[in-house]
Amino acid sequence: MIRDDLAAAVRNALVALAVEPLPEQVSLERPANREHGDWSSNVALASAKKAGRNPRELAAQLVEHLDANPPAHVESVEIAGPGFVNFRLAPTWLHDVLADVVDQGTAAYAAPQLADGEKVMVEFVSANPTGPIHVGNGWFASYGDALARLLARTGHQVSREYYVNDTGGQIRRLGASLIAHRKGEPVPEDGYPGEYVAELATTYDGTDDVTEAGQWAAERILGGIRSTMESIHIHYDEWYSQASIEESSAVAETVAELQAKGVITDEDGALWFESKEFGDPRERRVLRKTNGDYTYLAGDLAYHRNKFVTRGFDRVINVWGADHHGQVASLVAGIKALGIDGDRIEVRLGQMISLTSGRMSKRAGNVIDLDDVVADIGADATRLLSLLTSIDQAVTIDLDKVRSESKESPVFYVQYAHTRIASINRVAAERGVERLPIAQVDLGLLTHERELEVLRTLSELPDIVRIATTDRAPHKVATWVRELADRFHGFYHDCYVMGDGVSPELTQARLWLVESSRIGFAIGLDLLGVSAPESM
RNA sequence: GCCCUCGUAGCUCAGCUGGAUAGAGCAUCGGACUUCUAAUCCGACGGUCGUUGGUUCGAAUCCAACCGGGGGCGCCA
């Protein structure tokens with residue numbers, strides 16, 4: 001990598017100049033402004049003070065040294081501003097990038113191995129099976145799946161999981177609603193008035209037991225959720241039943257283990273977990289109620305003990321909506337109390353998704369089913385739309401706008417760029433133009449600014465993948481893919497691959513540039529779970 | 001009240017482990033189709049980065065306070 005080469009050269013220069021102490025890292029970045037060169041280092045600014053030197057003088061000495069011993073591809077080194085060291089490179093460094101992309105291909109390019117097979121579970125959505133999932137759930141679904149894809153690409157062994165809350169009060173309320181519908185009675189105040197319940201009621205032939213009815217309905221609703229997930233290409237490895245945990249001895253065992261560790265107190269016949277000792281801002285939490293029932297927290301702790309201890313996951317990432325924020329501290333406290341390193345659990349809280357018509361609520365009747373959106377704009381647009389923004393952002397969706405603009409959406413923009421690649425290859429085949437082995441092609445002919453922009457963008461992908469993974473921020477990949485599409489459209493417009501006086505040699509070089517772009521799109525779109533069509 | 005989170009262009013959002021003149025799409029206005037399909041490209045317009053202080057050579061980015069939006073503080077799940 002060019003950056004490593006440049007960093008090494010700068011480091012050597014610092015050593016030669018006897019700079020003490022040497023900075024731990026020599027940072028090299030791509031300046032926002034092209035006039036500042038291809039790569040820039042602030043090392044003189046960053047280390048001058050500690051070394052007791054003047055930043056500009058240090059920078060000048062660095063430049064002098066680097067000028068005398070220029071790294072590969074470097075055309076000039078300049079000092080700028082308060083003490084930046086700017087490198088101007090020959091386009092050959094980008095030709096190396098092209099060769100590198102093609103050489104490594106979709107499987108290996110931009111696949112930094114950040115872990116050595118670490119077993120990580122991503123649990124996401126896990127919406128109660130009391131109704132179809134809505135666009136807000138879909139937002140987190142796309143996020144969780146894309147994050148799982150990133151982790152898989154970077155050397156993690158990933159498992160996707162949906163925790164099915166198929167027991168408890170909301171299931172009984174669902175059952176009560178179902179029975180009310182069947183009897184033609186009004187749905188209870190705290191019940192589920194949705195039409196889907198009425199529809200289910202017409203086929204329910206079980207007893208009037210609310211639990212039985214609720215479980216029956218939940219199973220059917222969950223079936224719908226599964227197919228909705230499949231429709232946006234999300235495949236869970238496990239649909240883990242809360243009931244299965246609670247019906248097993250796992251909850252009692254977990255609480256007993258905590259008791260054995262002396263972090264449980266018994267008061268008024270209830271068992272309390274002294275959670276504050278483990279970082280919970282709340283003093284303590286009930287694990288077993290006076291009536292003998294275990295609380296949700298107890299079940300959740302048993303579930304997480306199962307994830308770590310029984311199933312042996314090294315790391316667990318839970319993707320939750322911000323409305324579950326209150327649960328985090330207690331859960332983490334409980335995990336620590338069980339003797340599990342708190343660093344092994346991560347809870348990513350996504351900000352709430354609202355509609356321009358207000359926050360989605362069943363009462364307000366403005367819940368939009370994910371199915372409807374997928375039917376409207378398609379799986380790809382649904383996924384990319386949600387992956388364009390960070391989950392830290394509380395977004396507002398204007399559904400009418402999404403529908404009316406879907407033809408001008410980023411999805412079409414990106415996919416259209418990809419189809420242009422296919423189209424170039426198709427026309428090349430029609431005209432009998434064959435791509436020669438890259439070793440026989442003079443990539444040095446690629447000097448048009450549009451060509452170089454494409455290659456610069458491709459050069460950034462490995463960093464993007466790394467940062468998107470460590471920041472748990474797949475939207476960075478989406479931003480990158482859009483940029484690649486932007487660059488490629490520019491190239492397509494200004495640089496014909498065939499005809500129009502383009503020499504056969506230049507055609508060859510450009511065909512390889514097209515191929516490297518194809519690889520870039522393939523990697524980026526696959527990480528997002530968006531398809532890369534050959535035609536539209 | 002306490003805790004978390006967000007506040008960037010008319011709208012929807014990038015940029016945030018500090019870097020040099022803050023970006024994109026949409027909207028508005030104006031250009032480019034005999035080409036590998038214009039679902040594209042080029043240009044213009046548009047911002048005291050919520051406010052005020054602080055740290056720093058340098059702050060949209062870090063810190064503090066305040067203002068505003070959202071969320072959370074159950075023997076619900």
Side-chain angles (χ1 to χ4, degrees), chain A residues 27 29 31-33 35-36 40 42 45-46 48-49 54-56 80-84 86 128 130 165 167-171 173 190 242 267-272 281-282 285-297 299-300 321-329 349-352 354 356 359 385 388-390 392-398 401-402 404-405 407-413 415-417 419-428 430-431 433 450 467 470-471 475-476 478-479 482-483 485-486 488-490 492-500 502 507 510 514 535-536:
Chain A
S27 83
E29 48 188 46
N33 188 336
E35 285 170 23
H36 297 138
S40 173
N42 64 356
L45 287 160
K49 199 168 192 179
N54 175 299
R56 251 197 95 91
F84 289 102
N86 294 343
N128 287 342
T130 52
N165 296 139
T167 180
Q170 87 275 8
I171 293 297
R173 287 195 289 277
D190 56 357
Q242 181 184 1
E267 199 175 297
D268 303 330
L271 295 181
W272 297 80
R282 278 164 296 193
R285 308 294 312 277
V286 171
L287 291 185
R288 202 181 69 195
K289 311 177 199 174
T290 41
N291 68 6
D293 287 350
Y294 289 104
T295 59
Y296 181 82
L297 176 60
D300 215 17
D323 52 341
H324 290 82
H325 164 69
Q327 295 168 232
V328 179
L349 292 177
Q351 294 299 302
M352 305 307 284
S354 55
T356 41
R359 175 161 178 205
L385 182 69
L388 243 23
T389 65
S390 155
D392 292 332
Q393 182 74 230
V395 301
T396 309
I397 309 171
D398 185 336
K401 216 168 187 178
V402 167
S404 68
E405 286 172 3
K407 282 204 168 151
E408 295 140 34
S409 76
V411 186
F412 284 82
Y413 187 78
Q415 292 188 329
Y416 185 50
T419 63
R420 284 181 145 176
I421 289 175
S423 137
I424 289 169
N425 289 331
R426 197 168 49 240
V427 171
E430 281 166 18
R431 297 187 188 174
V433 178
R450 296 288 209 176
I467 294 168
T470 55
D471 285 1
H475 76 277
K476 288 175 195 281
T479 304
R482 206 159 52 155
E483 185 181 317
D486 182 35
F488 190 81
H489 282 306
Y492 182 92
H493 191 265
D494 286 356
C495 305
Y496 294 113
V497 174
M498 290 159 284
D500 202 34
V502 177
T507 292
R510 286 181 171 169
V514 169
S535 64
M536 287 167 68

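A, B, ... follow the sequence lines: proteins, then strands. Residue 1 opens every chain. Side chains included, hydrogens not; waters and symmetry mates left out as well; all remaining heavy atoms used.
Counting to the nearest Å, the C1' atom of rA20(B) and the CD atom of Glu35(A) are 11 Å from each other. Between the NE2 atom of His489(A) and the C1' atom of rU37(B) there is a distance of 12 Å, given to the nearest Å. Counting to the nearest Å, the P atom of rA77(B) and the CG atom of Asp190(A) are 13 Å from each other. Rounded to a whole Å, the CG atom of Asp293(A) is 9 Å from the P atom of rC76(B). At whole-Å resolution of the value, OH in Tyr413(A) and C1' in rC26(B) are 13 Å apart. Between His324(A) atom NE2 and rC76(B) atom P there is a gap of 16 Å when expressed in whole angstrom units. The interatomic distance linking Phe84(A) (CZ) with rA20(B) (C1') rounds to 5 Å, in whole Å. The CG-P distance, from Asp494(A) to rC33(B), rounds to 14 Å in whole Å.
Taking the P atoms as reference points, rU8(B) lies 9 Å from rC13(B), given to the whole Å. Rounded to a whole angstrom, the distance from the P atom of rC16(B) to that of rG54(B) is 26 Å. Nucleotides rG31(B) and rC45(B), compared at atom C1', are 15 Å apart to the nearest Å. Spacing between rU48(B) and rC2(B) at atom C1', rounded to whole Å, works out to 34 Å. Nucleotides rA22(B) and rU61(B) are separated by 14 Å at their P atoms, to the nearest Å.
For RNA chain B, runs of at least 3 consecutive pairs of the Watson-Crick or G-U wobble type, with both hydrogen-bonding distances under 3.5 angstrom, map to B:1-7 with B:67-73, B:10-13 with B:23-26, B:28-32 with B:40-44, B:50-54 with B:62-66.
Of the candidate nucleotides rG70(B), rU37(B), rC57(B), rC57(B) has the atom nearest to the side chain of Pro82(A). Taking the side chain of Asp486(A) as heavy atoms from C-beta on, and the options rC41(B), rA20(B), rA77(B), the nearest nucleotide is rC41(B). Picking from rG19(B), rA20(B), rC36(B) the nucleotide with the shortest atom distance to the side chain of Met498(A) gives rC36(B). Listed candidates were rA77(B), rC41(B), rC36(B). Nearest to the side chain of Ile424(A) is rC36(B). Comparing rC36(B), rG70(B), rA77(B) against the side chain of Met352(A) picks out rG70(B) as the nearest.
Contact between the side-chain N/O atoms of Tyr492(A) and the OP1/OP2 oxygens of rA38(B) is found at a separation under 4.0 Å. Neither OP1 nor OP2 of rG74(B) sits under 4.0 Å from any side-chain N or O of Lys289(A). Side-chain N/O atoms of Arg420(A) include one lying less than 4.0 angstrom from OP1 or OP2 on rA38(B). For Arg431(A) and rC36(B), the shortest distance from a side-chain N or O to OP1 or OP2 is below 4.0 Å. Taking 4.0 angstrom as the limit, Arg450(A) places a side-chain polar atom (N or O) nearer than this to OP1 or OP2 of rC42(B). In terms of phosphate contacts, Tyr416(A) brings a side-chain nitrogen or oxygen within less than 4.0 Å of OP1 or OP2 of rA38(B). Proximity of Tyr294(A) to the phosphate of rA77(B): no side-chain N or O atom is located under 4.0 Å from OP1 or OP2.
Between the side chain of Gln170(A) and the main chain of Asn165(A), a donor-acceptor pair closer than 3.5 Å is present. Although no hydrogens or angles enter the test, the distance criterion places no donor-acceptor pair under 3.5 Å between the side chain of Arg450(A) and the main chain of Cys495(A). No donor-acceptor pair closer than 3.5 Å links the side chain of Asp268(A) to the backbone N or O of Ala270(A). The backbone N or O of Glu29(A) lies less than 3.5 Å from no partner atom in the side chain of Ser40(A), so there is not a single donor-acceptor pair. Without hydrogens or angle criteria, Thr295(A) side chain to Val286(A) main chain gives a donor-acceptor distance under 3.5 Å. No donor-acceptor pair closer than 3.5 Å links the side chain of Arg56(A) to the backbone N or O of Ala80(A).
Where Leu349(A) and Arg282(A) each meet RNA chain B at their nearest nucleotide, the meeting point lying more 5' is that of Leu349(A). Comparing Ile467(A) and Ser535(A) by the nucleotide of RNA chain B whose heavy atom lies nearest to each, the residue mapping closer to the 5' end is Ile467(A).
Within 4.0 Å of Gln415(A), counting heavy atoms only, lies no atom of the nucleic acid at all.
Closest approach of Lys476(A) to Asp471(A), counting heavy atoms only: CE-OD2, 3.6 Å. The two residues Arg173(A) and Asp190(A) have their closest heavy-atom pair at CD-O, 3.1 Å. Contact detail for Pro82(A) and Leu45(A): the closest heavy-atom pair is O-CD2, 3.6 Å. Contact detail for Arg431(A) and Met498(A): the closest heavy-atom pair is NH1-CB, 3.7 Å.
For rC75(B), its base never sits under 3.5 Å from the side chain of Thr295(A) at any donor and acceptor pair. Residue-to-nucleotide contacts include a donor-acceptor pair under 3.5 Å from the side chain of Asn86(A) to the base of rA20(B). One cannot find a donor-acceptor pair under 3.5 Å joining the base of rG72(B) and the side-chain atoms of Asp323(A).
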Enumerate all atom pairs, one protein N or O and one N or O from nucleotides 13-16 of chain B, separated by less than 3.5 Å.
unit_1: rC13(B); atom_1: OP1; unit_2: Thr396(A); atom_2: N; d: 2.3
unit_1: rA14(B); atom_1: OP1; unit_2: Ser390(A); atom_2: N; d: 2.4
unit_1: rA14(B); atom_1: OP2; unit_2: Gln393(A); atom_2: NE2; d: 2.8
unit_1: rA14(B); atom_1: O2'; unit_2: Thr479(A); atom_2: OG1; d: 3.4
unit_1: rG15(B); atom_1: OP1; unit_2: His475(A); atom_2: NE2; d: 2.8
unit_1: rG15(B); atom_1: OP1; unit_2: Lys476(A); atom_2: NZ; d: 3.3
unit_1: rC16(B); atom_1: OP2; unit_2: Lys476(A); atom_2: NZ; d: 3.4

Could you go over nucleotides 62-67 of chain B and give all protein N or O partners under 3.5 Å, atom names and distances?
none

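Both geometric conditions, a ring-centre gap below 5.5 Å and a plane tilt below 30°, are not fulfilled together for His325(A) over the base of rG71(B).
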His489(A)/Arg420(A) under side chain to side chain donor-acceptor pair (under 3.5 Å): CA gap, chis, key distance, verdict: CA-CA 9 Å; His489(A) 282 306; Arg420(A) 284 181 145 176; 2.9 Å; yes
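The distance from atom CD1 of Ile421(A) to atom CZ of Phe488(A), rounded to the nearest 0.5 Å, is 4.0 Å.
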